[in-house]
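Quick notes on the structure that follows.
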Amino acid sequence: MAGLAASFGSGAMTNSITDLGQSDCFLITGSNTTENHPVIATVVKRAITQRGAKLILADPRNIELAKFATVHLRQKPGTDIAWINGLINIIIDEDLLDSKFVSERTENFEAVKEAVKKYTPEYVESITSIPGEDLIEAARLYAKAGAASILYAMGITQHITGTDAVKSLANLAMITGNIGKPGTGVNPLRGQNNVQGACDMGCLPGNFTAYLQVANEEHRRKFEDAWGVELNPNPGLTIPRIIEGAGAGTIKALLVMGENPMMSDPDLSHVEHCLSKLDLLVVQDIFLNETALLADVVLPSCTWAEKEGTFTNTERRVQMVRKAVSAPGEARNDWEILKLLANKMGAGWKYATAKDVMDEINNVTASYKGITYERIGKTGIQWPCPTLDHPGTPILHGITFTRGKGLFSVTEYVPAAEQTDEQFPFVLTTGRILYQYHTATMSRRSLGLVSRTPEAFVEIHPSDAKELGIKPGDEIEVSSRRGSITLKADVGKRVEKGVVFIPFHYSEAAVNRLTIAALDPVADIPEYKVCAVKLRKCA
Amino acid sequence: MKIIIDGKEIEFSPGQTIYQVAKSAGIHIPVLCHQEQVKPVGACRVCVVEIEGARSLMAACAMPAGDGMVVSTNTERVRNARRIIVEMLMTQGHHNCITCESSGDCVLQDLAYELGLDAPRFDGPATLLPGETGNEMIVRDMNKCVLCGLCVRACNEIQVNLVLDYIGRGSNSKVGPPFGQRYEESNCVFCGECLRVCPVGALYEKQGRFQGRTRDLEKVRTTCSYCGVGCQMDVRVKNGKIVKVTTDREGMPAPNFGSLCIKGRFGYDYVHHPERLTKPLIRRDGELKEASWDEAAGFVGEKLASIKQAHGADAIAGLSSARCTNEENYLFQKLLRAVVGTNNVDHCARL
Ligand code: SF4
Ligand code: SF4
Ligand code: SF4
Ligand code: FES
């Protein structure tokens with residue numbers, strides 16, 4: 001979420017889930033909301049059907065939300081910056097912008113104004129294949145709405161230009177003044193239950209809790225004082241670099257807590273090769289997942305129903321997790337395991353409960369200072385919550401942006417790292433489905449969820465299927481330059497001609513054997529959403 | 001504006017129904033076809049009240065409160081009207097409370113008791129319909145359906161999944177997916193909103209069947225472990241096992257106000273899966289073998305210390321988890337930073 005942090009000073013969802021219900025117009029892109037954030041989708045669908053809110057959907061696939069869309073922009077995968085800049089250009093051109101907001105609250109607008117000039121509807125159409133009149137309609141809908149809200153997810157960020165695409169969305173919100181008020185905002189929907197919390201808690205190579213910086217001496221000093229040790233001033237490595245380092249022999253030991261890089265990371269054969277070179281691979285998990293199978297030490301941990309603690313949801317709301325049942329066998333809480341490891345290394349940690357840990361978090365984290373177990377007993381609190389009587393913050397950037405002024409950033413369309421060619425003529429895009437979850441360690445062990453979608457599939461457009469002689473249910477081999485997998489064909493018009501979609505939950509047909517490890521240069525996010533593949537019907 | 005209910009003067013704001021005003025003042029009016037998140041339709045008339053000056057009884061759930069109105073909620077006339085309605089409902093279907101999942105948590109049962117109905121005066125229907133058990137999530141037992149329509153309105157107005165509707169007319173009328181389809185044959189996405197609002201035992205959780213009645217289960221309020229919405233839900237437990245996940249019919253907090261999706265409501269059973277890891281494992285001679293905690297942690301501690309000594313702290317890295325708690329993530333980065341001495345810590349936010 002580096003893009004949003006650069007524009008506004010905070011990478012988190014600007015508004016709240018409930019607040020979305022007040023929006024007059026939604027721009028949803030790169031988020032298959034009904035499948036990935038079903039309950040947020042209900043808020044959106046209610047606003048549309050019960051209050052007449054409009055929906056601009058920008059998604060290459062014909063997803064469920066298309067039924068509710070006023071305009072559906074079906075861009076070619078990997079062309080987001082082009083159509084977003086196109087919208088901005090039309091809004092400036094037709095003088096639909098909020099000049100007062102732009103002049104009072106933002107900086108660097110002129111540069112963007114210049115840069116987007118070339119993104120005319122015709123030029124955008126030539127890149128994205130979105131018809132010019134649809135783009136114009138979308139621009140007018142968004143700019144003329146009383147309050148307009150942008151929702152996006154991994155479909156925007158998982159590209160080599162993901163960070164810039166997010167900055168473009170922030171530009172769009174700023175020129176129309178759609179920030180800091182009810183029903184507006186730029187709202188990243190976080191995929192997993194506690195992505196927001198893991199970021200807030202400093203599980204990032206360059207940041208302590210609440211995004212204080214490892215490289216900043218004053219910030220570091222604060223944690224040196226709190227923890228009573230001297231700290232390393234050099235920012236660490238991101239996941240893709242850590243994996244690379246393992247392969248190159250510079251990383252010797254890797255601790256993995258509740259993660260499954262052997263399913264979630266791009267170009268899996270390469271990941272496997274790298275992990276096998278480690279001197280020590282330790283995995284804490286609830287199941288013997290694909291990564292644990294390679295480990296030197298596996299430590300059994302607890303599920304959410306077996307522990308106490310907090311999760312922070314996508315709208316920055318910190319909520320309680322409570323123990324309902326006991327863990328099986330000798331499985332332990334992850335925090336207890338960490339304490340055990342730390343103390344084996346001589347740390348002398350004394351936490352007796354999860355609450356003790358939260359007390360320390362309250363002390364060292366300004367935005368979590370007022371978020372105590374006592375206060376979130378009944379309902380969660382949204383950070384920032386700087387004091388014990390602060391009610392929390394449902395909407396960010398109300399009077400000023402977190403960084404002061406909102407920063408306009410110039411962004412340019414750059415083609416995806418891998419283009420289709422004669423040998424690999426299809427664009428592969430990946431994602432999640434309603435009935436499964438992430439690497440499926442949990443959801444594939446649930447009777448009900450498995451019953452809905454027992455096996456992997458690849459979505460193919462009917463005319464492509466016809467050309468290749470593929471019928472629904474046929475076994476298909478899908479190959480990229482990096483590997484191949486075999487799975488069932490699901491023929492239908494959810495995807496455009498020339499595009500195929502594969503969900504990434506299935507280990508026997510792990511789509512990340514095909515994906516490319518090309519990274520966004522700022523955020524190090526892999527380009528899961530675009531790579532080139534070929535299809536072959538198995539005999 | 002003011003209204004008098006059962007002799008009590010109550011302030012209200014325009015747009016509130018008599019039911020809402022009474023509820024806010026702690027006056028109980030029974031409702032069957034009403035729930036706070038859907039539009040009132042006034043279908044069942046269980047909530048009727050007497051209004052001074054009005055000839056007929058009025059449905060409190062649908063009737064807007066008026067300035068100066070005088071309302072009685074529990075007169076003999078009101079109770080008689082309710083009795084007839086409830087007796088009809090009891091005999092329209094087969095309400096076999098003995099093995100019903102909802103016994104003890106059923107609006108119809110409570111009403112019959114509250115109104116002192118020993119045995120209904122009408123005959124029951126002859127046909128007994130088979131329960132629909134074709135999917136792993138939701139069982140439908142249409143013998144118990146009281147046609148309140150809440151499932152239809154919840155599916156359309158709360159979740160906007162647009163699956164359920166009324167089928168047929170009059171005494172043949174039913175609720176369900178179009179063309180008499182079963183749930184699993186329809187576009188149903190198994191969010192379970194219909195099940196949540198159903199006031200009787202017509203819709204219930206398949207995996208919870210005979211595992212313990214709702215009122216006998218422990219109730220632990222927690223946050224869903226799947227996606228970033230962070231839905232609030234109640235895990236229901238008996239004998240150390242999760243029997244089901246529920247949300248109260250009314251009064252649930254943000255962010256989801258009681259709505260869930262299939263993962264939250266029905267995806268909990270991995271917790272008790274036989275493949276759960278129960279012991280630490282250490283690789284010996286190429287194979288993962290069981291070990292004690294002390295052994296495993298000791299092994300890791302020593303190995304980390306020796307790698308740190310030989311190659312420096314930055315030869316060590318950690319991947320934390322977007323599925324673990326804040327407390328665990330906090331300690332994870334503290335372990336890497338303060339104990340190991342490296343900032344090589346990341347998690348899969350970008351993946
Ligand atoms: S489970 Fe959800 S989608 Fe299915 S019928 Fe019930 S309310 Fe509708
Ligand atoms: S199934 Fe339940 S909620 Fe639906 S109409 Fe029948 S009784 Fe009402
Ligand atoms: S119930 Fe569904 S929508 Fe709610 S948090 Fe869980 S997975 Fe997300
Ligand atoms: S509850 Fe009022 S009419 Fe049914």
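Note on naming: letters A, B, ... go to the chains in the order of the sequence lines (proteins, then strands), and numbering restarts at 1 for each one.
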[X] portion near chain B, given a 4.5 angstrom heavy-atom threshold:
| X | answer |
| --- | --- |
| A:Glu306 | side chain |
| A:Ile48 | neither |
| A:Arg46 | both |
| A:Val283 | neither |
| A:Lys307 | side chain |
| A:Ala246 | neither |
| A:Val364 | side chain |
| A:Thr365 | neither |
| A:Leu447 | both |
| A:Asn207 | backbone |
| A:Gln50 | side chain |
| A:Ala342 | both |
| A:Pro235 | backbone |
| A:Asp200 | neither |

Can you tell me how far apart [atom1] ([X]) and [atom2] ([Y]) are? Round to the nearest 0.5 Å.
| X | Y | atom1 | atom2 | value |
| --- | --- | --- | --- | --- |
| B:Leu331 | A:Asp334 | CG | CG | 10.0 Å |
| A:Tyr351 | B:Lys334 | OH | NZ | 2.5 Å |
| B:Arg323 | A:Ile286 | CZ | CD1 | 8.0 Å |
| A:Ile361 | B:Glu327 | CD1 | CD | 5.0 Å |
| A:Met345 | B:Leu304 | CE | CG | 5.0 Å |
| A:Glu259 | B:Leu319 | CD | CG | 6.5 Å |

If I compare all heavy atoms of A:Thr379 with all of B:Pro253, which pair ends up nearest, and what's the gap?
CG2-CB, 3.2 Å

Please report the shortest heavy-atom distance between A:Ser451 and B:Met137, naming the atom on each side.
OG-CE, 4.1 Å

Segment of [X] engaging chain A (4.5 angstrom heavy-atom cut-off):
| X | value |
| --- | --- |
| B:Val345 | both |
| B:Asp294 | both |
| B:Cys324 | both |
| B:Ile316 | both |
| B:Gln232 | side chain |
| B:Lys241 | backbone |
| B:Met233 | side chain |

Has [X] got a side-chain atom pairing as donor or acceptor with [Y]'s backbone, closer than 3.5 angstrom?
| X | Y | value |
| --- | --- | --- |
| B:Thr325 | A:Gly309 | no |
| B:Thr222 | A:Arg322 | yes |
| A:Arg190 | B:Cys227 | no |
| B:Asn344 | A:Leu237 | yes |
| B:His347 | A:Cys203 | yes |
| A:Asn313 | B:Val229 | yes |
| B:Asn329 | A:Gly197 | no |

Counting heavy-atom pairs under 4.5 Å to chain A, which of [options] comes out on top?
| options | value |
| --- | --- |
| B:Leu260, B:Asn156, B:Val271 | B:Val271 |
| B:Ala317, B:Cys261, B:Pro280, B:Ala297 | B:Ala317 |
| B:Asn256, B:Val235, B:Leu288 | B:Leu288 |
| B:Arg284, B:Lys303, B:Glu275 | B:Glu275 |
| B:Glu328, B:Glu136, B:Arg283 | B:Glu328 |

Just wondering, are more than 12 heavy atoms of other shown residues or ligands nearer than 6.0 Å to NZ in B:Lys279?
no

Under the side chain to side chain donor-acceptor pair (under 3.5 Å) criterion, do A:Asn194 and B:Asn326 qualify, and how do the steps go?
CA-CA 8 Å; A:Asn194 202 29; B:Asn326 288 324; 3.2 Å; yes

Name the option with the most non-hydrogen atom pairs under 4.5 Å to chain B; the candidates are A:Ser16, A:Ala198, A:Gly380.
A:Ala198

Answer key: most heavy-atom pairs under 4.5 Å with chain B among A:Arg317, A:Glu330, A:Glu336, A:Lys355 is A:Glu330

Should B:Phe257 and A:Thr18 be marked as a side chain to side chain contact (heavy atoms under 4.5 Å, CB included) after you check the CA-CA gap, both sets of side-chain angles, and the distance that decides it?
CA-CA 9 Å; B:Phe257 302 100; A:Thr18 310; 3.6 Å; yes

On the six-membered ring of B:Trp293, is A:Arg332 placed so that its NZ or CZ lies under 6.0 angstrom from the centre and within 45° of the ring axis?
yes

Would you call the rings of A:Trp227 and B:Tyr330 parallel, tilted or perpendicular, taking 30° and 60° as the class edges?
perpendicular

Is any side-chain heavy atom of A:Trp304 closer than 4.5 Å to a side-chain heavy atom of B:Tyr226?
no

